[in-house]
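Okay, structure first, notes after.
Per chain, numbering begins at 1; letters A, B, ... match sequence-line order. The figures here come from the full heavy-atom set of this structure, side chains too, leaving out hydrogens, waters and symmetry mates.
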Number of protein chains: 2
Amino acid sequence: MATIYEVAELAGVSPATVSRVFNGTRVSPGNAERVREAAKKLNFTPNRTARTLRRQHSEVIALVIPDIENPYFTEMARGVEDVAQEAGFSVVLCNTDSQLAKEATYFQIALSESMAGVIVAPASSRSDLTDVIARGRPVVTVDRTTDFDVDAVVMSNRPAGRAATDALYQAGYRRIACITGPADIETAYERAQGWKDVVTRHEMFDDPEEYLRYSTFGVDGGVKVMTDLLALPEPPDALVAANNLLGVGALQVLTDRELTPLRVGVAVIGGLPFTTLPPSAVTVVRLPARNMGVTAARILIERIKGDTQPARTIVLRNQLVPGRHRAAT
Amino acid sequence: MATIYEVAELAGVSPATVSRVFNGTRVSPGNAERVREAAKKLNFTPNRTARTLRRQHSEVIALVIPDIENPYFTEMARGVEDVAQEAGFSVVLCNTDSQLAKEATYFQIALSESMAGVIVAPASSRSDLTDVIARGRPVVTVDRTTDFDVDAVVMSNRPAGRAATDALYQAGYRRIACITGPADIETAYERAQGWKDVVTRHEMFDDPEEYLRYSTFGVDGGVKVMTDLLALPEPPDALVAANNLLGVGALQVLTDRELTPLRVGVAVIGGLPFTTLPPSAVTVVRLPARNMGVTAARILIERIKGDTQPARTIVLRNQLVPGRHRAAT
DNA sequence: ACTGTGTCAGAAATCGATTTCACGTTCAAG
DNA sequence: CTTGAACGTGAAATCGATTTCTGACACAGT
């Protein structure tokens, strides 16, 4: 790849002028034209590494997520990407596997590569943004908040939990269980709280805790916990799954035992990815994942451009898509 | 972030020595110790941008894929990531949306960021690797081959098409249609050829072409084409879907009309992501996506380290998981 | 004691851009 | 005709590491 010096030589100007042509500063039309010609002839593209070193920040945004195989996060990634692309940034996807150590490593990489900013769905409430913030890099968290003073874009988790549970109650179910993720993950906890709000309001159980199960946010978790629930002396007649993968896992078990969608009502928070079920079979509280990415990216880019207003937390509205189930009673 | 100069100052040595400590060259134990101490005290991490500029290559691998929302590719990405991480590389995921222009842009970025190498699932047969190869960057293509002289890791596509079709034939189906992707995508074409091998061997149709449909490799495509097929005067009694998303789309239509899995047999090449169907409902030709990523990453890293043997194309074996369907006859 | 062989470490060049500074022109206002 | 503001340009410093070159020093062999 040609360097700025070779272009300068061919165009008969100084490297500084070449740089100015590519950065919008005023250059006489004649020179500008000659530089552009020379650049084209040499197939010149500015070396981003050198530019980054000098400028102290690149045109790359780090997007750090816990699980690249979860369609919820990839949908969000698409939102981030579209906005970033539009603004001239590229996006680097980093997968943490929900491990704090991996997450920390990616933060270090983002810093030492002088990336322009970071969007992160924190692996846990103990995620450490200290260094990134100290270095003055803009950060936006998505899906979950932290104790740090940064912008955040999150879902309305507790209302989502309530909406899902309410819908099942309206459909006539009276023993509604809940499967959620690890208790130290905000979304898991809040959605479960929403469920609890409704079941206690209706005094559904003597001991609600028995019908609330914490697990991992994965298909395996859904399978295991659904199996447990069905083994209870009084199994539930309906279920709220706190995320998409738990929903898939639970439905796999129910389908396997031919209990769904008729016998056991299911509501999923976040939608069923690539489902082949008819939309009427399951109640879905749709979470606007793409929009979350779009919003986060817009905020981040504003910050990169110098916006210094106080950090905000934006809560996105969810949307109820009720199934057409009806309890057997 | 502290620089190498500050560390040098604090440790009472030259920057060169600090660099040597972090790069394995021999340094007297005393100095090494003092440098390490100073580095820790200043919370020093080497600036990768500067290192990359000097070394002319970074420790980042670009992984360029057509669709980040397709679980087939994210599964592969996990394979790449695990191997890369192990070897000290980080992975940058780039989404091309199957657009040659976006793909070309990402190649340019990879070059101008001096990335160590590129793994790409080419957007089409017209993908242009010229620049990347000219710059001497190692490239491995996955899923699809190209006319360029680079390593490739692909699935056994035509055999997969045959296996899927054969399984349906064995189950008693006699009018087996095929939905595949765009004709200029190798995997789409080859899998369809596999289907054609079998249906012509059994002289299944007067005009096989009528039961072979090209579409996009997405859920939408599957829905549309399946609908068309069912509207034929003589609709098929079974279907081969050439990839996971087409399979999902087709099954959505079939489920909606209550035609599956009993009335119309379905075989999917690549597996149904997050399915809630019982495994017996559908025949699956499992493609080892993760293994493809692992293999590609291993080869790429060997190349980065200097391996210069002639380019190879590695074909991965697939695995048939037959459903327990049986034609009505 | 002298030479030769290593080992260790610092000075300085280097990677390829951006940006500051200073200088020369041009042109309009007074 | 002078003053000065605005503009265009090149030289050189800069970003933060790596690496080459060179010199200092120690030690072993003769």
Side-chain angles (χ1 to χ4, degrees), chain A residues 1-36 38-39 42-60 88 108-116 135-137, chain B residues 1-36 38-39 42-60 88 108-116 135-137:
Chain A
M1 199 91 80
T3 74
I4 207 172
Y5 296 95
E6 306 173 49
V7 175
E9 173 123 31
L10 182 59
V13 299
S14 77
T17 300
V18 178
S19 171
R20 288 192 262 256
V21 170
F22 283 92
N23 289 283
T25 326
R26 284 207 59 76
V27 170
S28 71
N31 274 347
E33 187 46 42
R34 248 168 295 140
V35 166
R36 253 184 277 279
L42 295 176
N43 188 22
F44 167 77
T45 323
N47 182 313
R48 284 167 180 250
T49 306
R51 165 183 291 181
T52 300
L53 179 58
R54 180 59 227 245
R55 289 227 183 125
Q56 298 289 299
H57 64 88
S58 72
E59 268 81 55
V60 173
Q108 285 308 319
I109 290 177
L111 286 180
S112 67
E113 297 261 14
S114 304
M115 294 186 186
R135 280 287 298 278
R137 296 294 166 190
Chain B
M1 199 92 79
T3 72
I4 208 173
Y5 297 95
E6 306 174 51
V7 176
E9 173 121 31
L10 182 58
V13 299
S14 78
T17 300
V18 177
S19 171
R20 288 190 263 255
V21 169
F22 283 91
N23 289 283
T25 326
R26 283 204 60 76
V27 170
S28 71
N31 275 346
E33 187 46 41
R34 248 168 296 137
V35 167
R36 252 183 278 280
L42 295 175
N43 190 19
F44 166 78
T45 323
N47 182 314
R48 284 167 179 248
T49 306
R51 165 184 291 181
T52 300
L53 179 59
R54 179 62 226 244
R55 288 229 183 124
Q56 298 288 304
H57 64 87
S58 71
E59 268 83 53
V60 174
Q108 286 306 320
I109 290 177
L111 286 180
S112 68
E113 298 259 13
S114 304
M115 294 188 186
R135 280 288 297 277
R137 296 295 164 189

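When DNA chain C is scanned 5' to 3' for any atom under 4.0 Å from a heavy atom of chain A, the first and last hits are C:dG16 to C:dT20.
A 4.5 Å side-chain heavy-atom check between B:Val35 and B:Val7 finds at least one atom pair inside the cut-off.
In this structure, B:Arg20 has no side chain to side chain donor-acceptor pair (under 3.5 Å) partners at least two apart in sequence or on a different chain. Residues meeting the side-chain contact (heavy atoms from CB on, under 4.5 Å) test with A:Glu6, sequence neighbours left out: A:Ala2, A:Thr3, A:Leu42. Partners of B:Arg51 by salt bridge (charged side-chain N to carboxylate O under 4.0 Å, His left out), not counting sequence neighbours, listed by chain and number: B:Glu59. With sequence neighbours left out, the side-chain contact (heavy atoms from CB on, under 4.5 Å) criterion links B:Arg135 to A:Met1, B:Leu111, B:Arg137. With sequence neighbours left out, the side chain to side chain donor-acceptor pair (under 3.5 Å) criterion links A:Ser114 to no other residue. The side chain to side chain donor-acceptor pair (under 3.5 Å) search around A:Ser19 returns A:Asn23, not counting sequence neighbours.
A heavy atom lying under 4.0 Å from DNA chain C marks the following residues of residues 45-57 of chain B, by number: B:Leu53, B:Arg54, B:Gln56. Shown for residues 3-15 of chain A: residues whose heavy atoms fall under 4.0 angstrom of DNA chain D, namely A:Val13, A:Ser14. Looking at residues 20-27 of chain B, you'll see B:Arg20, B:Asn23 sit with a heavy atom under 4.0 Å from some atom of DNA chain D.
Heavy-atom minimum distance, A:Ser58 versus A:Thr52: CB-OG1, 3.5 Å. B:Ala8 and B:Pro15 make their closest contact through CB-N, 3.6 Å (heavy atoms, listed as atom of the first residue, atom of the second, distance).
In the helix from C:dA1-D:dT30 to C:dG30-D:dC1, the rotation axis of the first five pairs and that of the last five pairs differ in direction by 50°, rounded to 10 degrees.
Residue A:Thr17 places none of its side-chain N or O atoms closer than 4.0 Å to OP1 or OP2 of D:dG8. OP1 or OP2 of D:dT9 lies within a sub-4.0 Å distance of a side-chain N or O belonging to A:Asn31.
Nucleic acid contact class of A:Ser19 (heavy atoms, under 4.0 Å, all strands): base.
Annotation for A:Gln108: atom CD counts as buried by contact number, over 12 foreign heavy atoms lying within 6.0 Å.
Here B:Ile4 contributes atom CD1 and B:Phe44 contributes atom CZ; the two are 5.0 Å apart, rounded to the nearest 0.5 Å. Separating the CZ atom in B:Arg48 from the OG1 atom in B:Thr45 is a distance of 9.0 Å, to the nearest 0.5 Å. Atom OG1 of residue B:Thr17 and atom CZ of residue B:Arg34 lie 10.0 Å apart, to the nearest 0.5 angstrom. A distance of 5.5 Å separates CD in A:Glu113 from OG1 in B:Thr49, rounded to the nearest 0.5 Å.
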